[in-house]
Amino acid sequence: MRRKLVVGNWKMNGSRTSNAVLLSQIVAGLAASGAASAVCVPAPYLAQCQAQLAGTALGWGAQDVSAHASGAYTGEVSTAMLQDFGCGYVVIGHSERRAYHGESDAQVAAKTVVALAAGITPIVCIGETLAQREAGQTDAVVAQQLGAVLAAISADDVAKLVLAYEPVWAIGTGKTATPQMAQDVHQVLRGQLAAKNAVAAAGVQILYGGSMKPENAKELMAMPDIDGGLIGGAALKAADFLAIIHAAD
């Protein structure tokens with residue numbers, strides 16, 4: 001069985017003071033959970049996470065990474081920098097990066113390749129907009145997005161991926177895909193992984209990233225191909241984040 005994974009995406013939120021309280025509360029509440037968990041934080045707070053979380057059950061990571069190793073790329077962060085701060089994860093291709101920064105499928109694939117090469121687990125985000133869903137294009141859109149990544153990596157590297165399905169229309173809108181709607185897309189994604197490496201595909205964690213909350217987490221994660229969540233707003237409240245983690249048990 002795949003171990004459940006719950007990852008908090010703090011987006012552009014936090015302060016040194018509030019982070020310290022939040023992290024300590026999460027760590028204190030993790031004790032009995034069988035699920036894996038992590039937080040992906042703004043780059044300035046990676047050092048704080050490393051200092052506060054080393055030796056605990058809570059992992060940490062970044063929200064983006066450059067496809068370049070170093071050089072004249074002002075504002076970018078490299079995999080070597082993430083390694084310096086002990087990052088285990090990096091979110092790649094989040095819908096906000098795709099929408100607001102124009103990230104293409106090719107760029108997402110390139111970032112995935114460098115993360116894998118650095119030994120950092122990429123959480124590759126995939127999902128459709130409301131217009132695409134209403135046009136019946138969901139399967140085609142997610143297949144194209146995942147296909148670009150799979151074309152860039154080896155069959156052996158499939159086992160090192162984490163995917164996050166985030167229906168863009170359900171993020172921050174209060175709307176949520178029904179568990180079956182989410183399961184249907186997760187099943188499509190796993191089938192596409194299996195075409196590249198059937199054995200590895202069975203072990204890949206596919207997270208749901210469309211407004212998972214304490215109220216719907218258990219029902220969503222009961223689906224056979226939903227292996228956890230990529231959590232936005234609820235990850236900023238220790239009680240809510242912990243409730244989702246424990247719903248995965």
**Asked** Closest heavy-atom contact between Pro214 and Ile244?
**Response** N-CG1, 3.8 Å
**Asked** So, does Trp60 use its side chain to make a donor-acceptor pair with the main chain of Phe85 at under 3.5 Å?
**Response** yes
**Complete:** CD of Gln107 to NE2 of His101, rounded to nearest 0.5 Å, is 11.5 Å
**Within 6.0 Å of CD in Glu219, more than 12 heavy atoms from elsewhere** = no
**Asked** Does a side chain donor of either Gln183 or Tyr165 reach within less than 3.5 Å of an acceptor in the other side chain?
**Response** no
**Prompt:** How far apart are the C-alpha atoms of Tyr45 and Gln52, what are their side-chain angles, what is the distance that settles it, and do they pass the side chain to side chain donor-acceptor pair (under 3.5 Å) test?
**Reply:** CA-CA 11 Å; Tyr45 300 131; Gln52 192 167 342; over 6 Å; no
**Item:** Contact check, side chains of Lys11 and His94, non-hydrogen atoms, under 4.5 Å
**Value:** yes
**Message:** Classify the ring geometry of His68 against Tyr73: parallel below 30°, tilted from 30° to 60°, perpendicular beyond 60°.
**Reply:** parallel
**Tyr89 side chain vs Val7 backbone, donor-acceptor pair below 3.5 Å** = no
**Prompt:** Can you name the closest pair of heavy atoms from Ala177 and Leu220 and give their distance?
**Reply:** O-CD2, 4.2 Å
**Prompt:** Going hydrophobic residue to hydrophobic residue with side-chain gaps under 4.5 angstrom, can you get from Tyr208 over to Met181?
**Reply:** no
**Request:** Output, in order, the C-alpha distance, side-chain angles, deciding distance and verdict of salt bridge (Lys or Arg N to Asp or Glu O under 4.0 Å) for Arg98 and Glu103.
**Result:** CA-CA 4 Å; Arg98 293 178 188 262; Glu103 284 195 7; over 6 Å; no
**Prompt:** Do Leu46 and Cys87 come within less than 4.5 Å of each other through their side chains, counting heavy atoms only?
**Reply:** yes
**Asked** Any side-chain heavy atom of His186 sitting closer than 4.5 Å to one from Met223?
**Response** no
**Cys125/Val91 under side-chain contact (heavy atoms from CB on, under 4.5 Å): CA gap, chis, key distance, verdict** = CA-CA 7 Å; Cys125 298; Val91 176; 3.7 Å; yes
**Item:** Close side-chain approach of Val185 and Ile126, heavy atoms under 4.5 Å
**Value:** no
**Request:** Taking the side chain as every heavy atom from C-beta outward, state whether Asn9 and Gln63 have any pair of such atoms under 4.5 Å apart.
**Result:** yes
**Message:** Membership question, hydrophobic clusters at under 4.5 Å side-chain separation (ILVMFWY): are Ile123 and Trp10 in the same one?
**Reply:** no
**Asked** Are the side chain of Thr79 and the backbone of Ala115 linked by a donor-acceptor contact shorter than 3.5 Å?
**Response** no
**Which atom of Ala164 lies closest to which atom of Leu230, heavy atoms considered** = CB-CD2, 3.9 Å
**Asked** So does Asp227 pair up with Arg190, basic N to acidic O under 4.0 Å?
**Response** yes
**Message:** Would the distance check show the side chain of Gln145 and the main-chain N or O of Asp105 forming a donor-acceptor pair, the cut-off being under 3.5 Å?
**Reply:** no
**Message:** Whether Asp64 and Arg97 form a salt bridge (side-chain N of Lys/Arg under 4.0 Å from carboxylate O of Asp/Glu) is what I want to check.
**Reply:** yes
**Item:** Interatomic spacing from CG in Asn197 to CG in Asp157 - rounded to 0.5 Å
**Value:** 10.0 Å
**Request:** Could you tell me whether the side chain of Lys237 and the main chain of Ala235 form a donor-acceptor pair under 3.5 Å?
**Result:** no
**Prompt:** In terms of hydrophobic clusters joined by side-chain contacts under 4.5 Å, are Val6 and Leu58 together?
**Reply:** yes
**Request:** Kindly say whether Arg16 contributes a backbone atom to a donor-acceptor pair with the side chain of Gln48 at under 3.5 angstrom?
**Result:** yes
**Item:** Test log, rule side-chain contact (heavy atoms from CB on, under 4.5 Å), inputs Leu30 and Thr56
**Value:** CA-CA 9 Å; Leu30 278 181; Thr56 75; 5.9 Å; no
**From CA spacing to verdict: side-chain contact (heavy atoms from CB on, under 4.5 Å), Leu5, Ser37** = CA-CA 6 Å; Leu5 172 64; Ser37 56; 5.8 Å; no
**Fill in**
All heavy atoms of Leu82 vs all of Ile120, minimum pair found to be CB-CD1, 3.8 Å
**Request:** Is it possible for you to say whether Ile206 and Val141 belong to one hydrophobic cluster, with membership spreading through side-chain heavy-atom contacts below 4.5 Å?
**Result:** no
**Complete:** Correct closest heavy-atom pair for Cys49 and Val39 would be SG-CG2, 4.4 Å
**Item:** Lys160 side, atom NZ; Leu116 side, atom CG - distance, nearest 0.5 Å
**Value:** 6.5 Å
**Asked** Where do Ile226 and Pro179 come nearest, in terms of heavy atoms and distance?
**Response** CD1-O, 4.2 Å
**Evaluation steps, side chain to side chain donor-acceptor pair (under 3.5 Å), between Gln187 and Asp225** = CA-CA 6 Å; Gln187 187 173 16; Asp225 289 297; 5.0 Å; no
**Message:** Val162 vs Val124, test: side-chain contact (heavy atoms from CB on, under 4.5 Å). Steps then yes/no.
**Reply:** CA-CA 6 Å; Val162 170; Val124 180; over 6 Å; no
**Asked** Are the side chain of His246 and the backbone of Gly29 linked by a donor-acceptor contact shorter than 3.5 Å?
**Response** yes
**Request:** Would you indicate whether the side-chain heavy atoms of Trp169 and Glu134 approach each other to under 4.5 Å?
**Result:** no
**Item:** Val149 vs Ile92 side-chain heavy atoms within contact, under 4.5 Å
**Value:** no
**Message:** Tell me whether Lys196 contacts the main-chain N or O of Ala201 through its side chain, where contact means a donor paired with an acceptor under 3.5 Å.
**Reply:** no
**Prompt:** Are any side-chain N or O atoms of Asp249 and backbone N or O atoms of Gly34, one a donor and one an acceptor, separated by less than 3.5 Å?
**Reply:** yes
**Message:** Would you compute the distance between atom CE of Met212 and atom CD1 of Ile231 and round it to the nearest 0.5 angstrom?
**Reply:** 5.0 Å
**Message:** Checking the side chain of Ser24 only, and the main-chain atoms of Ala20 only, is there a donor and an acceptor separated by less than 3.5 Å?
**Reply:** yes
**Prompt:** So do Val41 and Asn19 actually touch side chain to side chain, heavy atoms under 4.5 Å?
**Reply:** no
**Asked** What about Val108 and Leu150, same hydrophobic cluster or not, with Ile/Leu/Val/Met/Phe/Trp/Tyr joined at side-chain heavy-atom distances under 4.5 Å?
**Response** yes
